Amino acid sequence: YTFISDCSKKCTEHDYNGKLRLVYLVKSAVQNFDRRMAIRHSWGFEKRFSDVPIRTVFLLGATPEDSELQTRVEKENLKYGDIVQADFFDTYFNNTIKTMIGFKWAVTYCSNSKFYMFSDDDMYISTKNVLRFVRNPTQYPDYLETPVVALKRVKRIKRSGALQNYTPRKLEQFLDFELPDSVRLFAGYVFVSAPHRHRSSKWHVSLSEYPYHMWPPYVTAGAYVLSHEALFDMYYASMYTKHFRFDDIYLGIVAKKADIEPYHCSQFHFYKKEYNVFSYRYVVASHGYGDPKELLNVWNEQKSSG
């Protein structure tokens, strides 16, 4: 498939020393204008942190039978410059194509980011928590709540006399470290499950389509994070992997071929996590925010709460 709109300058049009921290690739249905607008004004806002270069694009298919809808999308892209659209039919069972168009776009036009996050357009996402997660995935969110190691380290340094008069403002500073560029991170809510063999199921898979009794470990498709190395390795592995209609399963198969083990984090919620101000403190992503007003309300409240 080829690009109708490729946003080819999206990741090179500003001065940030040529390196991005995070790129959001949001899978959106063509007609979901209100959802895209809400994301632009909440977690997809590219200038959320002045010192962290972030980019957001929306992944769309085409609706060739509806020229009026396509015209609206083109006007939207002229105004915001964030629509990546390709010439495949925008339907549920083409989500794998949409996902891999996102991979193709990232590799071709936006290869200068350390992390990439794919999301559906009905997700709540905390950009602050995404950045905290990728800083230290294996200890998230514990390292923010109980930095015992940091405390011990501070005490040890003080006893040595090197920092007699130093009191850190935030203990988490001592747990901060940068993941190496070579890390292959494919993270989200990981499932290990079996194919649905019941013919009445929406997700029915025949033995001829998939002959094995278990899926490989896979990350639910609503929201997941990839490091630069993982994205590139999985993109090239996909060229040797037969198409499969469920995008999360397909990526699980691709990751298996690329020898990348998906990393589980329970703060990626594939369901709608019950909301209160405190319960979303460490939430990276939560499903179920198809109402743009609700998304904006929750996001603004969380932002106001720090």
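Remember, predicted model here, so these are calculated numbers, not experimental data.
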- [ ] Could you go through the side chain to side chain contact (heavy atoms under 4.5 Å, CB included) check for His41 and Trp299 one step at a time?
- [x] CA-CA 10 Å; His41 287 97; Trp299 189 85; over 6 Å; no
TODO: Decide yes or no on side-chain hydrogen bond (donor to acceptor under 3.5 Å, both in side chains) for Tyr143 and Arg135, but give the supporting numbers first.
DONE: CA-CA 11 Å; Tyr143 83 97; Arg135 188 173 69 188; 2.9 Å; yes
TODO: Say whether Val107 and Tyr224 are linked into one hydrophobic cluster, either directly or through other cluster members, by side-chain heavy-atom distances under 4.5 angstrom.
DONE: yes
Open item on the list: Would you say that Met117 contacts Trp43 through its side chain, given a criterion of any heavy-atom pair below 4.5 Å between the two side chains?
Closed with: no
Task: Side chain to side chain, Val52 and Leu22, heavy atoms closer than 4.5 Å - done: no
- [ ] Inspect the surroundings of CD in Glu65 and state if more than 12 heavy atoms from other residues, nucleotides or ligands are less than 6.0 Å away.
- [x] yes
Open item on the list: Could you measure the distance from the OG atom of Ser5 to the CG atom of Asn77? Nearest 0.5 Å is fine.
Closed with: 4.0 Å
TODO: Establish, from distance only, whether the side-chain atoms of Ser28 and Arg36 form a donor-acceptor pair under 3.5 Å.
DONE: yes
- [ ] Would you check if the side chain of Ser286 reaches a backbone N or O of Tyr124 as a donor-acceptor pair within less than 3.5 Å?
- [x] no
Open item on the list: Looking at Asp6 and Ser8, would you say the former's side chain and the latter's main chain have a donor-acceptor pair under 3.5 Å?
Closed with: yes
TODO: Could you tell me whether a side-chain N or O of Lys114 sits under 3.5 Å from a main-chain N or O of Val134, the two making a donor and an acceptor?
DONE: no
- [ ] Find out whether Leu251 and Val219 are in side-chain contact, i.e. whether some heavy atom of one side chain is under 4.5 Å from a heavy atom of the other.
- [x] no
- [ ] Could you check if a side-chain atom of Leu59 sits within less than 4.5 angstrom of a side-chain atom of Leu25, using non-hydrogen atoms only?
- [x] yes
Open item on the list: Taking the ring centre of each residue, are Phe103 and Phe118 less than 6.0 Å apart?
Closed with: yes
Open item on the list: Any carboxylate oxygen within less than 4.0 angstrom of a Lys/Arg side-chain nitrogen, looking at Asp90 and Lys98?
Closed with: yes
Open item on the list: Counting C-beta onward and ignoring hydrogens, is there a side-chain heavy-atom pair between Phe3 and Val84 closer than 4.5 Å?
Closed with: yes
Task: Cluster check Phe89, Ile97: I/L/V/M/F/W/Y, side chain < 4.5 angstrom - done: no
Open item on the list: Nearest 0.5 Å, please: how far is OH in Tyr275 from CD in Glu301?
Closed with: 3.5 Å
Task: Separation of Phe270 CZ from Met123 CE (nearest 0.5 Å) - done: 10.5 Å
- [ ] Could you check if a side-chain atom of Leu207 sits within less than 4.5 angstrom of a side-chain atom of Arg197, using non-hydrogen atoms only?
- [x] yes
Task: Donor-acceptor under 3.5 Å (Tyr250 side chain, Ser238 main chain) - done: yes
Task: Check against side chain to side chain contact (heavy atoms under 4.5 Å, CB included), Trp105 and Lys10 - done: CA-CA 11 Å; Trp105 178 83; Lys10 185 69 171 175; 4.0 Å; yes
Task: Cluster link Phe246 to Tyr271, ILVMFWY, side chain under 4.5 Å - done: yes
- [ ] Give a yes or no on whether His213 atom NE2 has more than 12 heavy-atom contacts from other residues, nucleotides or ligands under 6.0 Å away.
- [x] no
Task: Asp259 CG: over 12 foreign heavy atoms closer than 6.0 Å - done: no
Open item on the list: Please report the interatomic distance CG(Asn112) to OG1(Thr12), rounded to the nearest 0.5 Å.
Closed with: 7.5 Å
Open item on the list: Counting C-beta onward and ignoring hydrogens, is there a side-chain heavy-atom pair between Phe268 and Thr220 closer than 4.5 Å?
Closed with: no
Open item on the list: Can you tell me how the ring of Tyr189 sits relative to the ring of Phe191, calling it parallel under 30°, perpendicular over 60° and tilted otherwise?
Closed with: tilted
TODO: Could you please spell out the steps behind the side chain to side chain contact (heavy atoms under 4.5 Å, CB included) verdict for Val254 and Thr241?
DONE: CA-CA 7 Å; Val254 170; Thr241 307; 4.0 Å; yes
Task: Modelled atom types, side-chain donor and acceptor of Ser193 and Tyr218, under 3.5 Å - done: yes
Open item on the list: Please check: side-chain N/O of Tyr212 versus main-chain N/O of Pro195, any donor-acceptor pairing under 3.5 Å?
Closed with: no
Open item on the list: Are more than 12 heavy atoms, taken from residues, nucleotides or ligands other than Lys256, located less than 6.0 Å from that residue's NZ atom?
Closed with: no
Task: Heavy-atom neighbours of Phe278 CZ exceed 12 at 6.0 Å - done: no
Open item on the list: Between Arg184 and Ala258 (side chain of the first, backbone of the second, donor and acceptor by atom type, cut-off under 3.5 Å), is there such a pair?
Closed with: yes
Open item on the list: Any non-hydrogen side-chain atom of Lys272 less than 4.5 Å from a side-chain atom of His287?
Closed with: no
Open item on the list: Determine whether a donor-acceptor pair (N or O, by modelled atom type, separation under 3.5 Å) exists between the side chain of Ser279 and the backbone of Asn276.
Closed with: yes
- [ ] Kindly determine whether Asn129 and Tyr280 satisfy side chain to side chain contact (heavy atoms under 4.5 Å, CB included), including the steps that lead there.
- [x] CA-CA 10 Å; Asn129 286 341; Tyr280 270 48; over 6 Å; no
Open item on the list: Tell me whether the rings of Trp215 and Tyr210 are parallel (<30°), tilted (30 to 60°) or perpendicular (>60°).
Closed with: tilted
Task: Any donor-acceptor N/O pair, His196 side chain to Trp203 backbone, under 3.5 Å - done: no
TODO: Verify whether one side chain among Gln70 and Gln85 offers a donor that lies under 3.5 Å from an acceptor in the other.
DONE: yes
Open item on the list: What verdict does the salt bridge (charged side-chain N to carboxylate O under 4.0 Å, His left out) test give for Asp34 and Lys293, after you've listed the backbone C-alpha separation in whole Å, the side-chain angles of each residue and the deciding distance to 0.1 Å?
Closed with: CA-CA 9 Å; Asp34 290 345; Lys293 291 181 180 179; over 6 Å; no
